[in-house]
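For reference, the structure discussed in these notes is given below.
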Amino acid sequence: MELRLYDTLRREKRPFTPLDPARVRMYVCGPTVYDFAHIGNARPVIVFDVLFRLLRHLYGAANVAYVRNITDVDDKINARAAEEHPNLPLNEAIRIVTEKTERQFHEDVDALGCLRPTVEPRATEHIAEMKTLIERLVAAGHAYVAEDHVLFAVASMPDYGRLAKRSLDEMTAGARVEVAPYKRDPMDFVLWKPSKLGEPSWPSPSGIAAPGRPGWHIECSAMSWKHLGETFDIHGGGVDLVFPHHENEIAQSRCSFKTPVMANYWMHNGFLQVEGEKMSKSLGNFVTINEELDSWGGSVLRFNMLKTHYRQPIDWTQAGLKESGREISRWAEAIQHDLEVDESGRDAIVEALADDLNTPEAITRLRGFYRNRDFAALSAGMRFFGISIGVESIQGRKHKRLYVEPGQYTITGQPVLLKVIRDDGSVVEIDKDSKQKIEQLVDARNAARKAKNFNEADRIRDELHAMDIELEDNKDGTTTWKVKR
RNA sequence: GGCCACGUGGCGGAGUGGUUACGCAACGGUCUGCAAAACCGUGUACCCCGGUUCAAUUCCGGGCGUGGCCUCCA
């Protein structure tokens, strides 16, 4: 099976050939840990998890290295720490914020069905590597010291801008960058900068006396080097990172190591909007993964994300989630009756994904298995896709949307009381007493039906209907009830 | 202003130089005491204008629209 991937650098889809099949190497830009991750952050995490699973399948789980960094040094972190813990020393406050956020991030992405990367390096643990790179760049004439900063000289790299497809002239023309007097070129970017008093700081490289801290881009060059080498196979992230972040990573790494490439395949997921609008705190439509997990199970969120090809823009809507939830619930109910696994289901998914992660096509194939009642294949395919069907993966933490079967009083073995948020937003809660009453009425109706007293049976149906309960008479003679949508 | 994407049926969303994507919703039917569920079936879409071609939704050019980047941002 040939894997084909789209490479942003060349703007084309082409066969994937790893540098070393015994060690396939992928680096993805991870979170800056200062706040809950939002649903837009979830996109690359999910997309590259799918790629990770695919690579593990094709090359062997032990032969794939997936590095996703954790950025724990950043102005936003400092600001958040000072705000939340004004009475603590800044560095201690920072540690509290970053540890808490990191834990939260892991909980969130675990719930989304994502495997942990092979390595999750922290920026603050790679200061030494960053300084080594910086000193190399200065020594080679690609960077210079100015007013306790170290800056990368973009003019020293002939094809700077190739990833973003824009020339230095174009960029300088529309320059809205900070005009720092010590920059040789307006596009030069910071590798190292002095720390203010109280801020995290480390001894500076390149003979700078004042303590300082790294610029934003250098950490990824340092960590990918440390854990994957001077060049590696795949580098991923969101499209918004193409410029300047990835462009600058390329500049740093290639000029440090004198290599023609940093990574052979650059992959970027598309942007996400919420209900047709850009997600922003000012618009009040900022959606965190954590909040979404209250309303929808991780599998629903994951499925909803993968319904759209990773390079396409995606509009994240409640209507779409509702549709996804309905479809996944049906599959989950079907699979419960069939615990066997047919690996041909997995192979069909692998085949679809091998074409530049064509997840919509993979889902189309899963739908085919469902339609043909090939639940063993469906089960295998979903498993490969990372979609699990436990109650907690299907339902949100707060809302219970599946029906219970009377008499069993369970959803897949878990005792549960129902709380349903209906389509119109109203809430129906089923407690022990109302459940008992419902079941009494159901029994009474079935007795009436048995006696062919259909007027009475219909009257009871209406009575339950008024309580927002709908009945379904199953083929096997049982009656199921559920809360009206 | 510069650069980069995207624009498919009511909605979501693949794909293709000429043949039904698929799913949701809708409608029709089967089944059912009723109803629901389930199952079967129906729908002929590809922003606009040019060009290339025997043939374009699919390639090329232009326009319009939306979004992203150029400043922290997945």
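Treat the numbers as computed from the prediction; the structure is a model and nothing was measured. So that the names make sense, note that chain A is the first sequence line, chain B the second, and so on, each numbered from 1.
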Legend entry - Pairwise 5' ranking along RNA chain B for A/P44 and A/Y6, keeping only the more 5' one: A/Y6
Legend entry - A/R166 side-chain proximity, nearest of B/A14, B/C69, B/C22: B/C69
Inset, instruction - Can you figure out which of B/C72, B/G68, B/A74 approaches the side chain of A/K76 most closely? - result: B/C72
Inset, instruction - Tell me whether the OP1 or OP2 atom of B/C6 has a side-chain N or O from A/R311 closer than 4.0 Å. - result: no
Legend entry - Under 3.5 Å on both distances, the Watson-Crick or G-U partner of B/U44: none
Legend entry - Student check: side-chain heavy atoms of A/Y27 and A/N69 closer than 4.5 Å: yes
Inset, instruction - Please tell me which of the listed nucleotides, B/A74, B/C4, B/G23, lies nearest to the side chain of A/R11? - result: B/C4
Legend entry - A/Q252 versus A/N248, side-chain donor and acceptor atoms under 3.5 Å: no
Legend entry - Beyond-backbone contact of A/M267 with A/F48, side-chain heavy atoms, under 4.5 angstrom: yes
Legend entry - Flag for A/D462-A/H465: side-chain donor and acceptor within less than 3.5 Å: no
Legend entry - Selection from B/G67, B/G23, B/C69 that lies nearest to any side-chain heavy atom of A/F243: B/C69
Legend entry - Base B/C72 to side chain A/D75, donor-acceptor N/O within 3.5 Å cut-off: no
Legend entry - Same-atom distance (P) from B/G7 to B/C31, integer angstrom: 45 Å
Inset, instruction - Please determine if a side-chain N or O atom of A/K322 lies less than 4.0 Å away from the OP1 or OP2 oxygen of B/C24. - result: no
Legend entry - Minimum-distance nucleotide to A/R461 side chain [options: B/C22, B/A74, B/A35]: B/A35
Legend entry - Closest heavy-atom pair and its distance - A/H235, A/H246: NE2-NE2, 3.5 Å
Legend entry - Residue A/P313, side-chain heavy atoms: nucleotide from B/C11, B/C6, B/A74 that is nearest: B/C6
Legend entry - Below 4.0 Å: OP1/OP2 of B/A25 and any side-chain N or O of A/R326: yes
Inset, instruction - Classify the nucleic acid contact of A/G40 as base, sugar-phosphate or nothing, counting any heavy atom under 4.0 Å across all strands shown. - result: base
Inset, instruction - Answer yes or no on whether A/R166 is positioned over the face of A/F243, meaning its NZ or CZ is under 6.0 Å from the six-membered ring centre and within 45° of the axis. - result: yes
Inset, instruction - Could you tell me which nucleotide pairs with B/U32 by Watson-Crick or G-U wobble geometry, both distances under 3.5 Å, or answer none if nothing does? - result: none
Legend entry - Residue pair A/K76 / A/T32, side-chain donor-acceptor N/O under 3.5 Å: no
Legend entry - Any strand: nucleotide that pairs with B/C6 via Watson-Crick or wobble, under 3.5 Å: B/G65
Legend entry - Nearest-neighbour nucleotide for the A/R371 side chain, B/C4, B/A35, B/G23 considered: B/G23
Inset, instruction - Assign A/R367 to base, sugar-phosphate, or nothing according to its heavy-atom contacts below 4.0 angstrom with the strands shown. - result: base
Inset, instruction - For nucleotides B/C46 and B/G17, find the distance between their C1' atoms and express it as a whole number of Å. - result: 14 Å
Legend entry - Minimum-distance nucleotide (side-chain atoms of A/M279 versus B/A14, B/A74, B/C11): B/A74
Inset, instruction - Using the P atom as the reference point in each nucleotide, state the distance between B/U58 and B/C49 in Å, no decimals. - result: 12 Å
Inset, instruction - Look through every strand shown and name the nucleotide pairing with B/G1 as Watson-Crick or G-U wobble, where both distances are under 3.5 Å. - result: B/C70
Inset, instruction - Would you classify A/N358 as touching base, sugar-phosphate or nothing, given that sugar-phosphate means primed atoms plus P, OP1 and OP2, and contacts are heavy atoms under 4.0 Å? - result: sugar-phosphate
Inset, instruction - For A/A164, report the nucleic acid contact type (base, sugar-phosphate, nothing); a contact means any heavy atom under 4.0 Å. - result: sugar-phosphate
Inset, instruction - Using a heavy-atom cut-off of under 4.0 Å over every strand shown, decide if A/K278 touches base, sugar-phosphate, or nothing. - result: sugar-phosphate
Inset, instruction - Name the nucleic acid region contacted by A/E323, choosing base, sugar-phosphate or nothing; use a 4.0 angstrom heavy-atom cut-off, strictly under. - result: base
Legend entry - Of the listed nucleotides B/G23, B/A74, B/C6, the one nearest the side chain of A/Q312: B/C6
Legend entry - 5′-ward residue of the pair A/F454/A/P360 relative to RNA chain B: A/P360
Inset, instruction - Look at all strands and tell whether A/H38 reaches a base, only sugar-phosphate, or nothing, counting heavy atoms closer than 4.0 Å. - result: base
Inset, instruction - Describe the nucleic acid contact of A/R68 in one word from base, sugar-phosphate, nothing, applying a heavy-atom distance below 4.0 Å. - result: nothing
Legend entry - Which nucleotide in B/G33, B/G13, B/G23 has an atom nearest any side-chain atom of A/T308: B/G13
Inset, instruction - Determine the contact category for A/I363: base if any of its heavy atoms lies under 4.0 Å from a base atom, sugar-phosphate if only primed atoms, P, OP1 or OP2 are that close, otherwise nothing. - result: nothing
